[in-house]
Chemist: 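Mind looking over this structure? Questions follow.
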Amino acid sequence: MAIEILATGRYLPERRVTNDELAKTVDTNDEWIRSHTGIGSRHIAAPEQATSDLAYAAALNALESFAPGKAAETALTLDLIVVATGTPDYYGFPSVACLVQDRLGAVNAGAFDVSAACTGFVYALDAAAGMLGIGNRKRALVIGADLLTKITNWEDRGTCVLFGDAAGAALVERTDAPVTGEAKRGLIQSVLRAQGSGAQELKCDRGGTRNPYKDGETVDKATHIYMNGRAVYTFAVKAFTEVMQELLDREGITMDQVKKIIPHQANERIVQAAAKRFGLPEDKFFMNIEKYANTSAATIPVALDEYARTGELQRGDLIMTVGFGGGLTYGGNLIVW
Ligand code: COA
């Protein structure tokens with residue numbers, strides 16, 4: 001029994017903001033952002049959009065690419081919708097997954113969110129795979145969606161240049177394909193890790209039960225991201241290489257058997273450091289941070305969709321995902337296409 005990806009999809013909000021445009025309102029410049037992060041622009045959702053709007057659009061794109069014109073029919077075949085997000089429409093509940101389930105008309109699907117920040121899609125894919133492995137469930141829609149620009153402190157140049165909004169989706173199915181040997185298919189390994197001791201390095205401090213808004217308090221800013229950039233950078237480089245090595249070791253393979261690595265992209269330099277450590281050419285990684293910045297749980301599924309649509313990815317190719325982020329969390333998947 002294998003858990004295979006049948007189709008992928010993505011959604012980027014219409015509005016694209018370049019570094020130069022950002023530099024009109026924030027004390028920064030294109031040269032600094034590019035040289036320190038590799039980011040050239042980001043997409044920013046419209047004020048009326050919420051995360052479920054992005055997630056729904058990406059889901060529809062995946063269903064359409066699986067069976068054009070039959071998204072509603074395919075939605076009826078879903079047993080599960082899992083959305084990885086750190087920026088849900090509503091505090092606590094309802095989940096984004098339930099909102100997407102309703103809009104798709106996926107009346108046979110259970111729906112829930114996964115909170116693992118930028119590692120969310122890696123976790124969600126593995127969660128969905130595990131749940132498809134028991135009972136009579138067959139199909140799941142796994143979505144990574146985040147709308148970070150609504151929780152960005154636009155006065156903090158150390159963070160506001162880093163983020164963008166997006167959603168990516170994968171339609172996943174339990175099949176009879178083998179998971180070992182030459183003909184193996186689908187998700188064959190996942191590494192899921194957490195380092196909760198670093199929880200305070202990357203967080204949204206206000207609004208939760210630890211630090212709720214109080215009656216009568218004047219709130220001049222919505223809850224926003226706080227990040228200790230240096231600490232997260234150090235963690236990320238270590239986490240990234242650890243996950244890559246563990247995935248290889250578990251499967252007993254070497255990196256030359258992996259066709260492409262689909263990394264979380266928070267800073268191009270983190271990927272470059274990992275490439276150097278493994279002696280890999282940079283084109284071993286599928287990169288799109290220049291266009292989209294860090295879109296958190298959406299980064300990996302959006303990149304996976306873009307890569308799949310290049311036509312380069314052939315059935316039987318081995319790909320690796322690697323993620324890291326708030327929690328702190330990190331992890332990766334090995335997938336045979
Ligand atoms: N534009 C211009 N200058 C900026 C700037 C900006 N947007 N942001 C910071 N600077 C300045 C700082 O004020 C500082 O100036 P100073 O030396 O005069 O004090 C200088 O640039 C260096 O700042 P520093 O924070 O040390 O830069 P850095 O090289 O560590 O890069 C990050 C900062 C955030 C890009 C980097 O730490 C990083 O990528 N961290 C990990 C982020 C991450 O992965 N987050 C998400 C995890 S999912």
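Along the sequence shown, residues carry numbers from 1. Order of listing sets the numbers, starting from 1, for every ligand and every atom in it. Worth knowing before you read on, the calculation uses all heavy atoms, side chains too, and leaves out hydrogens, waters and symmetry mates.
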Chemist: Could you establish whether G158 and ligand 1 come within less than 4.0 Å of each other, counting only heavy atoms on the residue side?
Modeler: yes

Chemist: T254 and D256: side-chain hydrogen bond (donor to acceptor under 3.5 Å, both in side chains), yes or no, with the steps?
Modeler: CA-CA 6 Å; T254 53; D256 54 352; 2.3 Å; yes

Chemist: Starting from atom 44 (O) of ligand 1, which protein heavy atom do you reach first, and at what distance in Å?
Modeler: A266 CB, 3.2 Å

Chemist: In the protein, what heavy atom is nearest to atom 4 (C) of ligand 1, and what distance, to one decimal place, separates them?
Modeler: W32 CE2, 3.3 Å

Chemist: Quick one: does ligand 1 sit under 4.0 Å from the side chain of T28, the backbone, both or neither, non-hydrogen atoms only?
Modeler: both

Chemist: Looking at atom 21 (O) of ligand 1, would you say a protein heavy atom lies below 4.0 Å from it?
Modeler: yes

Chemist: Would you call R16 and E21 a salt bridge, taking side-chain N to carboxylate O under 4.0 Å as the test?
Modeler: no

Chemist: Under 4.0 Å from atom 42 (C) of ligand 1, can you find at least one protein heavy atom?
Modeler: yes

Chemist: Suppose I only count heavy atoms of T37 and a 4.0 Å limit; which atoms of ligand 1 are within that range?
Modeler: 35 (C)

Chemist: Is atom 25 (O) of ligand 1 close to the protein, meaning a heavy atom under 4.0 Å from it?
Modeler: no

Chemist: I need the nearest protein heavy-atom contact for atom 48 (S) of ligand 1: residue, atom name and distance, please.
Modeler: C118 SG, 3.1 Å

Chemist: Name all pairs fulfilling the side-chain hydrogen bond (donor to acceptor under 3.5 Å, both in side chains) condition that reach into residues 114-124, sequence neighbours left out, sorted by first residue then second.
Modeler: T119-T329

Chemist: Could you say whether the N/O atoms of N267 and ligand 1 ever approach to under 3.5 Å?
Modeler: yes

Chemist: Would you say V26 contacts ligand 1, with heavy atoms under 4.0 Å as the rule?
Modeler: no

Chemist: Select one of side chain, backbone, both or neither to describe which atoms of A236 lie under 4.0 Å from any atom of ligand 1, heavy atoms only.
Modeler: neither

Chemist: If we count only non-hydrogen protein atoms and require a distance under 4.0 Å, does atom 29 (O) of ligand 1 qualify as touching the protein?
Modeler: yes

Chemist: My question is simple, although I want it checked carefully: is atom 16 (P) of ligand 1 less than 4.0 angstrom from any protein heavy atom?
Modeler: no

Chemist: List the closest protein heavy-atom neighbour of atom 47 (C) of ligand 1: residue, atom name, distance to the nearest 0.1 Å.
Modeler: V232 CG1, 3.7 Å

Chemist: Any Lys/Arg nitrogen of R315 or E4 sitting under 4.0 Å from an Asp/Glu carboxylate oxygen of the other?
Modeler: yes

Chemist: I need the nearest protein heavy-atom contact for atom 12 (C) of ligand 1: residue, atom name and distance, please.
Modeler: R157 NH2, 3.8 Å

Chemist: If you draw the axis of the six-membered ring of Y56, does the NZ or CZ of R103 fall within 45° of it and under 6.0 Å from the ring centre?
Modeler: yes

Chemist: Angle between ring planes, Y330 versus F235, binned at 30° and 60°: parallel, tilted or perpendicular?
Modeler: perpendicular

Chemist: Around atom 40 (N) of ligand 1, find the nearest protein heavy atom and jot down its residue, atom name and distance.
Modeler: G229 O, 3.0 Å

Chemist: To the nearest 0.1 Å, how far is atom 46 (C) of ligand 1 from its closest protein heavy atom, and which atom is that?
Modeler: N294 ND2, 3.6 Å

Chemist: Would you mind listing every ring pair (Phe, Tyr, Trp, His ring centres under 6.0 Å) that reaches into residues 211-233, with sequence neighbours excluded?
Modeler: none

